[in-house]
Amino acid sequence: MQGLEVRGLSKRFGGLTVSEDIDFDLMPGDRKALIGPNGAGKSTFSNLVTGILTPTSGTIRFDGSDIGRLNEAQRVRLGIAKTFQITTLFRDLTVRENLRLPILERERRGFGFIGRANGHTAIEAEVDDLLGQFALGGLADRKVADLAYGQQRLVELALTLALKPRVLILDEPAAGVPSSETHLIVDAIERLPEDLAVLIIEHDMDLVFRVARQIVVLVQGRILTEGTPEDIAADAQVRELYLGGGHD
Amino acid sequence: MKSWGPPLLLLILAVVLYFALPFNLAFLTRILIMVVLVLSLDLVLGYAGIATLGQAALYGAGAYAAGLFAIHVWADPVAGLFVGAGAGAMLAFVSGLVLMRTQGLTLIMLSIAVASICLEIANKARDVTGGADGLRGIRMEPVLGLFAFDFIGKTGFWYALAVVAVVFVVLALLSRAPLGLSLRGIHESPERMAAIGVSVYWRRITAYTIGGGIAGIAGALSAQITQLVSLESFSFTLSAEALIMLILGGTGRLYGAVLGTLIFMFVHHWAAANDPFNWLFVIGALVLAVVFFLPKGVISAPPAITRLLKGGRHAGS
Ligand SMILES: Nc1ncnc2c1ncn2[C@@H]1O[C@H](COP(=O)(O)OP(=O)(O)OP(=O)(O)O)[C@@H](O)[C@H]1O
Ligand SMILES: [Mg+2]
């Protein structure tokens, strides 16, 4: 079977259950959104899938094989990549270097100690291509630390796509981005390769309804309900949840 | 090529010093050996961000290995350098398997522990290492079969300078290569590195092992040129001084390591000669001044001064 298959996934931190018996599928071409109040366990779920955290119980399969024992780096090399809720980049490196690094690693050249890091024509062309795609060309030689937060979010998206992932998890890609710039993020998501499996964790409902074709609602570590955007918009429980507070 | 300018200037400076201080060749050679050690620390700490205080362990391993190799196997200097590099790299790799799982204070404490264990072993194994008397009886053959070591230390100086140049060029090339970029990446953000599919652990072990090899070369040089290996090679003082030199000069730029070593060694030499009791005070004041006014090391002085002249808008940034 293709894609990601999560069964009975649970995670406890001491006495606190943050993920409880989650069943979840993500297939090539999917555009799923994971929504839920603060502290519902969305980031934890993404960290369990990407291998940053180890589940207390449950299984995670990718393309039919169990990846539960693989560490984060090994899962990335299989094609499962994510962006962080809080931008995580190489702040002292330039935008160009930030994009070059993942491509070098993807091409298994990271241990290379002969020749220059910027000496591979094909890789440099790919970097230029990504820069163009995200309209970052003018910032290519600036340090990431000197960019506006919205621009950094774009760099992180570009960097993650540079890995050519097959499963992409975006943890609140628009968080901290000024609303005048969210369209850049939405545009970038809409332009993602069609066969990529995409999971978007997001509080911004406009964004969710624009890009998601299925929505999963997580509350206190459990899946409350899931369905099409229309189903979810009409769901009484979800309306209760979002009108009854708990969300900012 | 602009980036080769500063190291070239330093090379010229070394030659000038050779002719300016002909009676201090042993001291100048000592500086060159320390430069190799501090360069190795710059790779490990400055580039890869591995905070260790045990670089002397790797230096000492290289020194004893090269010394013993010269006494018992073959007294060829260049072969001895390879043996020293191998010993330093091996110790770094083996200890790195444990050390590189840790960070911060734990890593610092463990790296100190490795060096003191080495010191204890060298102290106890008198029959092999000479214990507290040091390893004696090292008689080197001529370098490349051509240049015999002399009493004044001319050969020692040129030999050490050649090794410094080779190590510098190798590190400069490495820092521009994909591996160098990935080490900076690990320094910047291990989380992001893991998230692009890199085993941070093995990458850190790689950096530490290469650094160990270079520290081992420094130790081997010292053993061959001074014809003596003492327990001091493993001392905490040596690790700490190397770290101070690197911080003085500035991390992650290679020639910062060279500059820091030069300044430290000259100030040390001058202060100890003028006031054998209070020279530590002078060094301390110097370090404080640099850390306070030039947190990125002496190497950042030109840009810092430019900034000051332009109105000092971003002081300290
Ligand atoms: N390492 C940890 N140790 C203990 N508790 C944790 C840990 N990580 C997360 N938690 C707790 O797990 C719960 C879920 O956190 P998580 O970050 O997954 O929520 P979230 O849905 O992503 O929230 P947000 O919308 O604010 O990002 C929170 O109560 C949090 O305090
Ligand atoms: Mg979260």
Side-chain angles (χ1 to χ4, degrees), chain A residues 46-47 50-52 70-84 86-94 96-120 123 143-146 155-156 159-165 169 171, chain B residues 1 3-4 43 46-49 89 93 100-101 166-167 169-211 213-214 250-253 295-296 300 303 313-314 317:
Chain A
S46 126
N47 289 340
T50 51
I52 293 176
L70 302 185
N71 65 29
E72 183 189 2
Q74 290 167 322
R75 292 186 205 190
V76 172
R77 274 175 266 152
L78 283 183
I80 304 174
K82 77 162 221 162
T83 63
F84 290 80
I86 294 168
T87 304
T88 305
L89 291 165
F90 309 111
R91 295 180 56 80
D92 234 20
L93 303 187
T94 64
R96 200 183 282 282
E97 288 169 322
N98 268 268
L99 300 183
R100 183 179 297 137
L101 247 173
I103 303 178
L104 284 166
E105 296 300 338
R106 188 196 75 207
E107 298 293 323
R108 309 282 190 274
R109 291 177 182 276
F111 277 105
F113 58 91
I114 296 168
R116 289 174 160 257
N118 61 1
H120 303 282
I123 291 180
K143 269 190 196 174
V144 161
D146 296 338
V155 174
E156 184 159 1
L159 179 157
T160 310
L161 281 178
L163 295 167
K164 295 213 173 130
I169 301 178
D171 196 349
Chain B
M1 294 239 288
S3 60
W4 291 101
L43 175 72
Y47 281 89
F93 178 79
M100 295 306 119
R101 292 198 180 280
V166 170
V167 166
V169 168
V170 167
L171 283 180
L173 293 176
L174 177 70
S175 72
R176 288 164 169 74
L179 181 60
L181 182 60
S182 79
L183 296 184
R184 287 168 68 203
I186 281 177
H187 191 173
E188 289 286 309
S189 172
E191 297 79 18
R192 175 39 77 192
M193 233 25 211
I196 62 173
V198 173
S199 166
V200 173
Y201 173 64
W202 286 108
R203 205 57 63 90
R204 274 158 55 100
I205 288 182
T206 307
Y208 196 56
T209 304
I210 298 173
I214 293 168
T251 58
R253 263 104 126 227
K296 289 188 171 175
S300 67
R313 283 181 305 131
H314 302 295
S317 75

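The closest side-chain heavy-atom distance from Arg203(B) to Phe111(A) is below 4.5 Å. The shortest side-chain heavy-atom distance between Ile196(B) and Phe90(A) falls under the 4.5 Å cut-off.
With a 4.5 Å cut-off on non-hydrogen atoms, Ser182(B) touches chain A through its backbone and its side chain both. Thr50(A) does not touch chain B: none of its heavy atoms, backbone or side chain, sits under 4.5 Å away. Using a 4.5 Å cut-off between heavy atoms, Ile80(A) makes no contact with chain B at all.
In this structure a side-chain-to-backbone donor-acceptor pair under 3.5 Å is missing from Glu105(A) to Val198(B). Here the side chain of Arg176(B) pairs no donor or acceptor atom with the backbone of Arg116(A) at under 3.5 angstrom.
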- Do Asn118(A) and Leu181(B) pass the side-chain contact (heavy atoms from CB on, under 4.5 Å) test, and can you show the C-alpha distance, the side-chain angles, and the key distance before you say yes or no? CA-CA 10 Å; Asn118(A) 61 1; Leu181(B) 182 60; over 6 Å; no
- Item | Arg192(B) vs Leu159(A), side-chain contact (heavy atoms from CB on, under 4.5 Å): CA-CA, chis, key distance, verdict | CA-CA 10 Å; Arg192(B) 175 39 77 192; Leu159(A) 179 157; 3.6 Å; yes
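No more than 12 heavy atoms of other residues, nucleotides or ligands shown are found within 6.0 angstrom of CZ on Phe113(A).
Ranked by heavy-atom pairs shorter than 4.5 Å toward chain A, the options Ser199(B), Ala195(B), Ser175(B) are led by Ala195(B). When the candidates Lys82(A), Arg91(A), Glu97(A) are compared by the number of heavy-atom contacts under 4.5 Å with chain B, Glu97(A) comes out ahead. When Leu104(A), Leu101(A), Leu78(A) are compared by the number of non-hydrogen pairs under 4.5 Å with chain B, Leu101(A) comes out ahead. Highest contact tally toward chain B, considering only Gly115(A), Ala117(A), Ala81(A), is held by Ala117(A) [criterion: heavy-atom pairs under 4.5 Å].
Between His120(A) and Pro178(B), the closest heavy-atom pair is NE2-CG, 4.4 Å. Of all heavy-atom pairs between Ala177(B) and Gly112(A), the closest is CB-O, 3.6 Å. Residues Asp92(A) and Glu188(B) share a closest heavy-atom pair of N-OE1, 2.6 Å.
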